[in-house]
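Working notes, structure below.
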Number of protein chains: 2
Amino acid sequence: MPVTLGPIEKPRKQPIQARSTATVEAILDATVQVLIAEGKDRLTTTRIAHRAGVSVGTLYQYFPNRRSLLQATLRRKLVTVTEAIEAACLEHRGERLSAIVEGVALAFFRAKMRDAASSLALYAVSSDVDGLRIAEELRLRSGAALAEALESAPERLSVPTKEAVFAIQAALSGMSRTLLETRMPVRDHATVQRNLVVMLCSYIQAVRAVDALQAVAVPRARQ
Amino acid sequence: MPVTLGPIEKPRKQPIQARSTATVEAILDATVQVLIAEGKDRLTTTRIAHRAGVSVGTLYQYFPNRRSLLQATLRRKLVTVTEAIEAACLEHRGERLSAIVEGVALAFFRAKMRDAASSLALYAVSSDVDGLRIAEELRLRSGAALAEALESAPERLSVPTKEAVFAIQAALSGMSRTLLETRMPVRDHATVQRNLVVMLCSYIQAVRAVDALQAVAVPRARQ
DNA sequence: TCCAAACCTGAAGCTTCCTTCATCTAAACA
DNA sequence: TGTTTAGATGAAGGAAGCTTCAGGTTTGGA
């Protein structure tokens, strides 16, 4: 996969007056709305602008191209989730490992499922827009917060913190993504969430330093 | 997101002679190759045909449109992984829960990581092509196999099999996707894989019928 | 009140790519 | 060897959407 670095993007006008700040927000909102209502195939700049109540020209005054608009939209959503995780990490600092993990998992889920439709819709554009870079950046950010939180716990881990953080993040994002993508009815979300918490908590117990081998027989990976 | 059902697709020529069967395979292979080498933005029908050593016209004799070609390519990959899971489920029938889970997890990983580049590349086109439908279909298929395997174990679960299956599938796909997307060096794969197996095995222990509460204090999900 | 800066407009140019189809070649078969 | 059917070709039609830019409107301050 080629790294579409994109040349240094032409700088665009920064919103100065209140009017234009509102315009930019309206454009970002409209992007999500069109995406949800019409799907990525009909997510054209003209349609977005129209929905935002402005003309295409205006759109191009704040975003150098379609791509950067979608990136900004995606980033806005991911930042929200990241901040929710960071807040949970702070809130549970110093607590027991499983309390931290549970707190973070629940916070993550809440943030991701608030406005589930937009979370789902944005998955679809991510690959058009190098969403992986953005996701990676934010994964590192929330990963740092989680690592810090885990190390503030009274217990030790028997595996490197990095490994545990990766495993937890992967399970979290995988579970929420699968949940959204299968369009599971909302009333079942609580059940899935409970299973996820069980999974993460029993994992973190299993990799606690002292009694890891006692709590669960850790299987060696073959091969 | 609108359901792009696509009208009933015009039936195309079925390969009859050996020559044309080879052509179809070459086109599918070329699709993956172009995708990996040039990225989804340059994945044009002309380029695919050229890489396959045929002309565009030939391509359109076997696929009614670009979309169906990409779907076929995606499906071919996912079917491989699904079959690996099914095989593992059969192989471990009747064993202990954690043995089944471990066996399936390892089989899944092996299948997914064999030719990791194509797995990663195909994620990118999935959303252009209603890949969710295909993924969902195959998720159900491998889910059925896994459910059957879990119920063949000597132990019982304290949660509905469906729930456990969903949780395991979600964690598996999430972990492998995250692994691929972060482009983690291959030498670290084993470590991640080991953590995943620990996570899944300790989960399945936690939701065993008898001593679920003893092995791990199952936290109640708040809210 | 008037000017300059900020902001907005939208028709049309431009590029890109999918898809078709009239025509040609190769294979099977009598 | 002649005929029929399968398979292959690729130039060109057509549709679609991104982006620009020349010119209009609004705002804030002098």
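Naming: A, B, ... by sequence-line order, numbering from 1 per chain.
A donor-acceptor pair under 3.5 Å is formed between the side chain of B/S152 and the backbone N or O of B/A149.
Of the side-chain N and O atoms in A/T58, one or more sit less than 4.0 angstrom from OP1 or OP2 of C/dT9. Considering only side-chain N and O atoms, A/T23 lies under 4.0 angstrom from the phosphate OP1 or OP2 of C/dC8. Close to C/dC7, at under 4.0 Å from its OP1 or OP2, lies no side-chain N or O of A/R19. Listed pair B/T45 / C/dC18 meets the phosphate criterion, a side-chain N or O lying under 4.0 Å from OP1 or OP2. Between B/S55 and the phosphate of D/dG10, there is no side-chain N or O to OP1/OP2 separation shorter than 4.0 Å.
Taking atom NE2 on B/H50 and atom P on D/dT9, their separation rounds to 11 Å, with Å as the unit. We find that CG of B/L43 is positioned 17 Å from P of C/dT16, with the value rounded to whole Å. Spacing between atom NZ of B/K40 and atom P of C/dC17 amounts to 14 Å, rounded to whole angstrom units. The interatomic distance linking A/R66 (CZ) with C/dT16 (P) rounds to 16 Å, in whole Å. Look at CD1 on B/I27: it is 12 Å from P on D/dG7, rounded to the nearest Å. Distance CD1 (A/I48) to P (C/dG10): 17 Å, rounded to an integer number of Å. One interatomic measurement links the two molecules: CG of A/L59 to C1' of D/dT20, which rounds to 13 Å at whole-angstrom precision. Separating the OH atom of B/Y62 from the C1' atom of D/dA8 is a distance of 8 Å, rounded to the nearest angstrom.
In this structure the side chain of B/F166 never reaches within 4.5 angstrom of the side chain of A/N195, judged on heavy atoms.
Here the side chain of A/V56 is nearest to one of D/dG10, D/dT19, D/dA8, namely D/dT19. Each of C/dC8, D/dC18, D/dA8 was ranked by its minimum atom distance to the side chain of A/Y60; first place goes to D/dC18.
Along DNA chain D, the nucleotide nearest to B/G57 and the one nearest to A/Q61 differ in position, and the one closer to the 5' end is contacted by B/G57.
A/N65 and A/Y60 are not linked by any side-chain donor-acceptor pair at a separation below 3.5 angstrom, with hydrogens and angles left out of the test. Counted by atom type alone, A/T191 and A/D188 present zero donor-acceptor pairs between their side chains at under 3.5 Å.
Here the closest non-hydrogen pair linking A/A88 and A/V104 is CB-CA, 4.1 Å.
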